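The structure appears below as structure tokens.
Heavy atoms only: backbone and side chains are in, while hydrogens, waters and symmetry mates are out. Computed from a predicted structure; not experimentally measured. All chains are named by letter (A, B, ...) in the order of the sequence lines, taking the proteins before the strands, and each is independently numbered beginning at 1.
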There are 2 protein chains.
Amino acid sequence: MTEANFTYRADSFKVAIDCILLGFDQRELKILLIHRNFEPAKGSWSLMGGFLNRDESLNDSAKRILYQLTGLEDIYLEQIFVFGDINRDPVERVLSVCFYALIKIEDYDEALGKSHDAHWFPVQKRPKLVFDHEQMVEATLNRLRRRAGYQPIGFELLPEKFTMMQLLNLYEAIYQRSFDVGNFSKKILSLGILVKTDEKLRGGSKKGSYLYSFDQERYDSVKEKGFRIIG
Amino acid sequence: MTEANFTYRADSFKVAIDCILLGFDQRELKILLIHRNFEPAKGSWSLMGGFLNRDESLNDSAKRILYQLTGLEDIYLEQIFVFGDINRDPVERVLSVCFYALIKIEDYDEALGKSHDAHWFPVQKRPKLVFDHEQMVEATLNRLRRRAGYQPIGFELLPEKFTMMQLLNLYEAIYQRSFDVGNFSKKILSLGILVKTDEKLRGGSKKGSYLYSFDQERYDSVKEKGFRIIG
DNA sequence: TCAAAAGTGTTAGTGTTACACCCATGA
DNA sequence: TCATGGGTGTAACACTAACACTTTTGA
């Protein structure tokens, strides 16, 4: 560095990282919430969060917090927004950087979650959340809806192999509307990013349905022209 | 507050607000940059920025900074992203919350800008920027492209009354591609959010072209179904 | 064999693209 | 009157939405 050793004159702020963890369980979009047995707002529900440390980037901090809660690494993570109103935290001024993560619900470490008093809720039936966490969830759901329309992030929420009906249910859960089965699968298949396996999954249905998997390479080769599922 | 008077044990961070100011000048999208006559990186180009103060929200801080530079209030402002890498600022660790603003270039206070050594550059021909400001600009242009497709933010960049050709030029500047004149105006007019005045603007052309204005009320009444300018 | 879920096919309608053509006017 | 940029019309095509129909299999 060529600069003289001065420092800026400016106020300092504590910075929280709050994480919205979403998963998909057959029919519903679910969110992992923490029952707070600590102050402030002890006894109420909130997102999983923590404070940013001096030696970590924002992303690293979010990863650390998610690892503590789920035992998972390499999960889809995206910054949503910074919340910075003066009185958003009743104790003292804290900025909060909000991230959301998408996980395959079956990979989640139940025991670790229990130790943090974490519970999955259907997104539509979630309890009231503390502070401005409600806004964070709203912003995330909006972002997810937009993203899912032009990026294959939906697949982050499904197991390795999934049926067309599971994918359809996921999109119905994200958009809170129904899609025509025929039109939906035609559209998805026409993107050329799924591989059909010859396995069938029997469950609920009598006929059973084929399993597909998402093909990253094919996606990489077609993503230029963009991808539009709804709209 | 019902909480006990404790405070959190956590590291503190200085927080900068960096503002990307965009305007449109007939043909080109332009960005306002500061020639730094202060450390660090004196002599190079950067975005306009400042530090967040203890008594202001993030938005208020961005408004203050923009007011200092342009003399404008009530401008379109949107948070883009927080940049938080450990060494992003060579002097010491600073988080930066990046905002972008859209202004009508003719309202801008030239004299005030000069006093900060601010200059307009065509976005495509901007100089190299300091630190991670380049990334901020890229992220902003991407956001602007997305937004302009489904919200009428383009109108923030034009004067009160504008011709269809000016609007077309703006969209061409944002998307860096050309649009068919006929198809573009058909589509825009079909949205029903413009009012045609009977004034004509003569300039460049021999025939002259009609002036339109954006109608907020009409927009409010049709925005539910969403709006799609590019495919 | 019937009911239920998966999956295919058909069609009308809507939106998009490309491009030919007409209009008004200053030089 | 002609060159120029503004503006309109239209036909081909692609995509979408709605829904009827076929397939498979457990009960």
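The minimum heavy-atom distance between B:Arg88 and B:Leu95, with the atom names listed, is NH1-C, 4.0 Å.
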Distances under 3.5 Å between protein N/O atoms and the N/O atoms of nucleotides 3-6 of chain C, please, pair by pair.
| residue | atom | partner | partner atom | Å |
| --- | --- | --- | --- | --- |
| C:dA6 | N3 | A:Lys207 | NZ | 3.1 |

Just the table, please: protein N/O against nucleotides 11-13 of chain C N/O, every pair under 3.5 Å.
none

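For the pair B:Asp198 CG and D:dG6 C1', the computed distance is 17 Å after rounding to whole Å. The CG atom of A:Leu191 sits 11 Å away from the P atom of D:dC15 (whole-angstrom rounding). Distance, A:Asp180 CG to D:dA20 C1': 11 Å, rounded to whole Å. Following rounding to the nearest Å, A:Ile188 (CD1) and C:dG7 (P) show an atom-to-atom distance of 14 Å. Taking atom OH on A:Tyr212 and atom C1' on C:dG7, their separation rounds to 8 Å, with Å as the unit. Straight-line distance from the CZ atom of A:Arg228 to the P atom of D:dA17: 12 Å, rounded to whole Å. Atom pair A:Leu189:CG and C:dG7:P shows a separation of 10 Å (rounding to whole Å applied). Atom CZ of B:Arg177 is separated from atom C1' of C:dT16 by 11 Å (rounded to the nearest Å).
In this view, A:Lys161 and A:Glu199 satisfy the salt bridge (Lys or Arg N to Asp or Glu O under 4.0 Å) rule, not counting sequence neighbours. In terms of the ring-ring contact (aromatic ring centres under 6.0 Å, His included) criterion, residue partners of A:His35 (sequence neighbours excluded) are, by chain and number, A:Trp45. When the side-chain hydrogen bond (donor to acceptor under 3.5 Å, both in side chains) test is applied to A:Glu134, the partners found at least two apart in sequence or on another chain are A:Arg126. Partners of B:Phe83 by ring-ring contact (aromatic ring centres under 6.0 Å, His included), not counting sequence neighbours, listed by chain and number: B:Phe81.
Relative orientation of the B:Tyr175 and B:Tyr171 rings is parallel, given thresholds of 30° and 60° on the angle between their planes.
For the atom pair CG (A:Asp215) and CD1 (A:Ile193), the distance works out to 9.0 Å, reported to the nearest 0.5 Å.
A donor-acceptor contact under 3.5 Å links the side chain of A:Asn183 to the base of D:dA17.
Residues B:Tyr76 and B:Glu78 have side chains that bring a donor and an acceptor to within less than 3.5 angstrom of each other.
Cation-pi geometry between A:Arg177 and A:Phe179 is satisfied (NZ or CZ under 6.0 Å from the ring centre, within 45° of the ring normal).
Residue A:Lys187 places no side-chain N or O under 4.0 Å from the OP1 or OP2 atom of D:dC15.
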